[in-house]
Amino acid sequence: MQVCILYAGRNREDSKLKTISDSLAHGIASQGHQVDVVNIYNGEIRLTPYDYVVIGSEPVSFFSAKVPEVIQKFLAQAGTVSGKRCFAFITGGLRKNRTLLNLMKVMEGEGMILKLSEVITKPDMATAIGKRLNVERNL
């Protein structure tokens with residue numbers, strides 16, 4: 001299976017979010033899947049060939065529950081995303097549950113089928129989630 005992990009933090013270079021995304025990719029790859037990790041700020045990628053999409057984010061500020069607008073703009077131009085099975089995660093913030101809900105709304109607004117959502121705060125937690133994440137196609 002081909003899996004794409006997309007992430008967008010408060011700014012272009014969010015090292016914590018990148019580390020967690022890489023750890024999640026390591027866990028998914030350990031199941032034998034091909035995984036690409038992409039910073040949304042660094043360009044365009046078509047999501048059409050991917051079987052499963054993971055999107056990670058964090059709130060635009062510590063006290064906010066909003067996710068970066070770049071995520072919605074990216075998904076609108078990323079090819080066929082409607083009907084894609086997906087997983088949403090955030091890395092924290094004061095209103096983490098509300099932030100996760102907002103990210104899920106953006107994804108579902110594009111027609112993505114949300115299978116799981118999680119607040120991931122540490123790289124080892126991300127690896128463990130990746131190892132048990134079911135990305136197989138529904139037959």
Side-chain angles (χ1 to χ4, degrees):
M1 313 284 335
Q2 290 188 322
V3 179
C4 184
I5 299 177
L6 304 165
Y7 67 94
R10 292 183 188 117
N11 53 47
R12 287 185 174 274
E13 300 303 322
D14 188 320
S15 61
K16 179 181 179 185
L17 193 55
K18 179 178 180 1
T19 301
I20 289 176
S21 296
D22 288 340
S23 297
L24 188 61
H26 178 72
I28 295 170
S30 72
Q31 296 182 45
H33 304 293
Q34 177 190 344
V35 184
D36 296 324
V37 179
V38 178
N39 183 337
I40 289 178
Y41 288 107
N42 290 341
E44 297 179 19
I45 184 171
R46 305 299 281 179
L47 297 177
T48 306
Y50 291 98
D51 301 304
Y52 199 90
V53 177
V54 177
I55 301 179
S57 185
E58 63 182 9
V60 294
S61 70
F62 184 75
F63 298 104
S64 172
K66 294 181 182 178
V67 295
E69 290 181 16
V70 70
I71 296 172
Q72 187 169 9
K73 291 177 184 177
F74 177 87
L75 290 176
Q77 301 173 9
T80 305
V81 296
S82 182
K84 292 275 184 201
R85 293 177 320 111
C86 60
F87 167 58
F89 76 92
I90 62 160
T91 58
L94 185 62
R95 301 176 64 198
K96 57 188 169 227
N97 292 332
R98 185 72 181 157
T99 304
L100 186 57
L101 181 63
N102 287 337
L103 177 58
M104 292 163 51
K105 284 181 182 178
V106 168
M107 295 167 70
E108 289 173 339
E110 292 296 325
M112 299 177 89
I113 301 168
L114 203 57
K115 297 303 238 176
L116 183 66
S117 61
E118 190 75 52
V119 176
I120 304 175
T121 56
K122 297 179 182 176
D124 57 338
M125 181 181 180
T127 302
I129 290 170
K131 286 181 179 179
R132 71 173 195 264
L133 189 63
N134 183 12
V135 299
E136 296 297 325
R137 285 188 186 148
N138 293 336
L139 300 175

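- Inter-residue side-chain proximity for Phe89 and Ile129 is flagged as unmet; no heavy-atom pair is nearer than 4.5 Å.
- The cluster map of Ile, Leu, Val, Met, Phe, Trp and Tyr, joined by side-chain heavy atoms under 4.5 Å apart, puts Tyr7 and Val38 in different clusters.
- In the hydrophobic clustering of ILVMFWY residues, with side-chain heavy atoms under 4.5 Å counting as a link, Ile90 and Ile5 come out apart.
- In the hydrophobic cluster analysis, where Ile, Leu, Val, Met, Phe, Trp and Tyr join through side-chain heavy atoms closer than 4.5 angstrom, Val119 is grouped together with Met104.
- For the atom pair CE (Met125) and CG (Leu24), the distance works out to 10.5 Å, reported to the nearest 0.5 Å.
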For side chain to side chain contact (heavy atoms under 4.5 Å, CB included), just list the numbers for Val3 and Leu133, CA-CA rounded to whole Å, side-chain angles, deciding distance to a tenth of an Å, and then say yes or no. CA-CA 11 Å; Val3 179; Leu133 189 63; over 6 Å; no
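- In terms of heavy atoms, Lys16 sits closest to Thr121 at CE-O, 3.7 Å.
- Surrounding CD of Glu108 are more than 12 heavy atoms belonging to other residues, nucleotides or ligands, all under 6.0 Å away.
- The CG atom of Leu114 sits 13.0 Å away from atom NZ of Lys105, with the distance rounded to the nearest 0.5 Å.
- The backbone N or O of Cys4 sits nowhere less than 3.5 Å from a side-chain atom of Asp36 that would complete a donor-acceptor pair.
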Would you give me the side-chain donor-acceptor pairs under 3.5 Å for residues 73-80, sequence neighbours excluded?
none

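- Ile28 contributes atom CD1, which lies 11.0 Å from atom OG of Ser23 (distance to the nearest 0.5 angstrom).
- Separation of atoms CE (Met107) and NZ (Lys84) is listed at 12.5 Å; rounding is to 0.5 Å.
- How far OH of Tyr50 is from NE2 of His33: 14.5 Å, rounded to the nearest 0.5 Å.
- Under a hydrophobic clustering in which Ile, Leu, Val, Met, Phe, Trp and Tyr are joined whenever their side-chain heavy atoms come within less than 4.5 Å, directly or via other members, Phe87 and Val37 fall into the same cluster.
- Between the CD1 atom of Ile113 and the OG atom of Ser82 there is a distance of 7.5 Å, given to the nearest 0.5 Å.
- Hydrophobic clustering places Val70 together with Met112 (ILVMFWY residues linked when any side-chain heavy atoms are closer than 4.5 Å, directly or through intermediates).
- Proximity of a side-chain donor or acceptor of Asn102 to a complementary backbone N or O of Ala65 within less than 3.5 Å is detected.
- Proximity of a side-chain donor or acceptor of Gln31 to a complementary backbone N or O of Gly130 within less than 3.5 Å is detected.
- What you find for Val35 and Ala25 is that their closest heavy atoms are CG1-CB, 3.5 Å.
- Contact check for Asp51 versus Val135: no side-chain heavy atoms found under the 4.5 Å cut-off.
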N/O donor-acceptor pairs under 3.5 Å from side chains in residues 52-60, not counting sequence neighbours:
unit_1: Ser57; atom_1: OG; unit_2: Ala8; atom_2: O; d: 3.0
unit_1: Glu58; atom_1: OE1; unit_2: Thr91; atom_2: OG1; d: 3.4
unit_1: Glu58; atom_1: OE2; unit_2: Arg10; atom_2: N; d: 3.2

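- Applying the salt bridge (charged side-chain N to carboxylate O under 4.0 Å, His left out) rule to pairs touching residues 21-34 yields Lys18-Asp22, sequence neighbours excluded.
- A distance-only check finds no donor-acceptor pair linking the side chain of Lys131 to the backbone of His26 [under 3.5 Å].
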